[in-house]
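In what follows, every heavy atom counts, from backbone to side chain, and hydrogens, waters and symmetry copies are set aside. Every chain is numbered from 1 and lettered A, B, ... according to where its sequence line falls, protein lines coming before strand lines.
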Amino acid sequence: MSSNNDNQPHSLPEEEILKQRMDKLSRLREEEGYDPFIVQKWDKQHDLRYVMENFAHLEEDSGDESAEIVTAGRVMTIRKHGKAMFVTLADEYEQLQLYFQFNAMGEENYNFVKKWVDTGDIIGIKGHPFRTRRGELTLFVKECKLLSKAMRPLPEKWHGLKDVEIRYRQRYVDTIANPDVRDVFRKRTKIIQTFRKVLDDHGSLEVETPILSVLAGGANARPFETYHNALGLEMYMRIATELYLKRLIVGMFGRVYEIGKNFRNEGIDLMHNPEFTAMEVYWAYANYEDMMDLVEEILVACADAVGERKVNYQGIELDFNPPFRRATMVDLVREYSDFDFDQIETDEEARKIAREAGLELKGHESRFLILTEMFEEFVEDKLIQPTFVLGYPTEISPLSKRDPENPDFTNRFECFINGCEIANAFSELNDPMDQRERFEDQLKKRELGDEEAHAFDEDFINALEYGLPPTGGLGMGIDRIVMFLTNSRSIRDVILFPAMKPKA
RNA sequence: GAGCCGUUAGCUCAGUCGGCAGAGCACCGGACUUUUAAUCCGGGUGUCGUGGGUUCGACCCCCACACGGCUCACCA
């Protein structure tokens, strides 16, 4: 109480609960000579899914005493009835009711469970399945061993755990309380496995390239900075795997891919986490059109792997059935804004139109940059169904091969779903002289204050000078694809431990 | 980085005009041999996010800060 003025530190209620459970543990050790934290192993022979699936046929008020089930899990709820008890046991995939009976399991074991087992505890069980009068498949327990003890209480059994702050910070509590969350992450794994399977089946070699390097290239983004003590070196966390993977194509690997984390020092919102998982793949002798086919193949395979090709995403139906729509940026801008960039010849003209359209300009924008901004302003968020956007200006595509028909544009596409970019691909620029000019152009942008302009990578040009075959390359954001295929509103719902500020 | 909203028991949430801080579940003690949000009897476990201010008196009003959420900005 606040009137308590002694110098003893006030014991918080949470500490009370811990102390209470600690006292109980001490009494367990003293009175029973049993320490649940010393148990090494339990020969779990059946999971609860096995029991659910194999004894579904049992009729009410009957059991299969010949079936010896040895299982284990976490105690979720306990209903005590004196000389009988019902417990809801949960394991990774299922929940199953347990029935403890004084007569059946013997006084000693029964009283031990009744006295010492709490919700949250981990127990090992031997018994046989039966179905209760009320129709619930249940395990009739012959033997129960306390395998580990919970010192903290479980979240409330009816409302579960909703507080997103606790859910993200203490994901282990979230996945105890909300089994559906476990399922989202199983699907995430399934999707990544599907990526690997499709890419492997196409003869691509999975490789690993550096996360730490002295130069973070391959994308427009601000990197995280770090420091190597022994080398006395400023280093960066990678923002893309692109330049290393293309070096490998130069080095005569025909098809390579990497799935891993990229790190970008930017804001956090529903679609962005500072570290995110990307897949990049490069195929020698292929072009960006092959990459479009590959995107379709991967997405369809992922959709099939975790459900249907038509998925409900936050009330919108997304249809992953190929072929996806293909349209150029110029066409889409014309479609959604009535501005026709095929008819615009000069930068001045483009700026005039942009101002009429309500865009804020600095005054030096090229017509290509304005096209891009008009696309972002008027088109992007309207591309709900999977759509390939082609015809990206060369100016904003410093690593893409030019379109031979129109060198101001590149053989590049991005794929959008629900207004959100999930893939970026192009025929890779392999002309080292052109690449040098593109990097120099980026350097100018950087000098003009664009902190996200590409870094100049001399060694990458050196690699190109050895000869890069015509190559198709593709990058895909895996977190976002997982979001769409698991109906998750926030990227944090598909990342086990999303970035959070320290609480205290 | 900006704006808006939120923060009350382990969990889910009420709360008042500024006048002793509430419920359900969980938890603790007891009863109960087919319950399932078990039931019955008894127990409230709290620095009302943190720090200031106003006031006789603050969970409530004011200011600052922290963390979270949403909307922007930046981006994939």
Worksheet entry | Plane angle bin for A/Phe112 and A/Trp116 - parallel if under 30°, tilted between 30 and 60°, otherwise perpendicular | tilted
Practice prompt. Look at the rings of A/Phe102 and A/Tyr110 and say which category their plane angle falls in: under 30° parallel, 30 to 60° tilted, over 60° perpendicular.
Written response: perpendicular
Worksheet item: Is A/Arg325 reaching over with its side chain to a backbone N or O of A/Leu383, donor-acceptor style, under 3.5 angstrom?
Response: no
Worksheet item: Backbone N or O of A/Lys501 within a donor-acceptor pair of the A/Arg169 side chain at under 3.5 Å?
Response: yes
Practice prompt. Flag as yes if A/Phe276 stacks onto the base of B/A76 (centroids under 5.5 Å, planes under 30°), otherwise no.
Written response: yes
Give a yes/no answer on whether the side chain of [X] brings an N or O atom under 4.0 Å of OP1 or OP2 in [N].
X: A/Lys80; N: B/A38; result: no
X: A/Arg134; N: B/U34; result: no
X: A/Arg169; N: B/G68; result: yes
X: A/Arg492; N: B/G69; result: yes
X: A/Arg133; N: B/U34; result: no
X: A/Arg152; N: B/G10; result: no
X: A/Lys157; N: B/A37; result: no

Separation between the [atom1] atoms of [N] and [M], rounded to whole Å:
N: B/G19; M: B/C65; atom1: P; result: 29 Å
N: B/A37; M: B/A73; atom1: P; result: 48 Å
N: B/C5; M: B/C62; atom1: P; result: 11 Å
N: B/A38; M: B/C20; atom1: C1'; result: 36 Å
N: B/A58; M: B/U50; atom1: P; result: 15 Å

So if I take [range] and measure heavy-atom distances to RNA chain B, which residues fall below 4.0 Å?
range: residues 264-271 of chain A; answer: A/Arg264, A/Glu266, A/Gly267, A/Asp269, A/Leu270, A/Met271
range: residues 107-123 of chain A; answer: A/Asp118, A/Thr119
range: residues 47-64 of chain A; answer: none
range: residues 447-457 of chain A; answer: A/Glu452

Discussion item. Give me each pair satisfying ring-ring contact (aromatic ring centres under 6.0 Å, His included) with a member in residues 132-158 of chain A, each pair once, sequence neighbours excluded.
Written reply: A/Tyr99-A/Phe140, A/His128-A/Phe140, A/Phe130-A/Phe140
Item to complete: Any chance you could measure A/Leu485, atom CG, to A/Lys190, atom NZ, to the nearest 0.5 Å?
Response: 13.5 Å
Worksheet item: When rounded to the nearest 0.5 angstrom, what is the spacing between OG1 in A/Thr394 and NZ in A/Lys401?
Response: 13.0 Å
Is there any protein nitrogen or oxygen under 3.5 Å from a nitrogen or oxygen in nucleotides 4-6 of chain B, and what are the pairs?
none

Discussion item. Could you check whether atom CZ of A/Arg171 has more than 12 heavy atoms from other residues, nucleotides or ligands sitting under 6.0 Å from it?
Written reply: yes
Worksheet item: Using purine N1 to pyrimidine N3 plus N6-O4 or O6-N4 for Watson-Crick, or N1-O2 and O6-N3 for G-U wobble, each under 3.5 Å, what pairs with B/U33?
Response: none
Worksheet item: Across all strands, who's sitting opposite B/A26 as a Watson-Crick or G-U wobble pair, both distances under 3.5 Å?
Response: B/U45
Worksheet, complete the sentence: Of the candidates B/A76, B/C11, B/G68, the side chain of A/Arg480 sits closest to B/A76
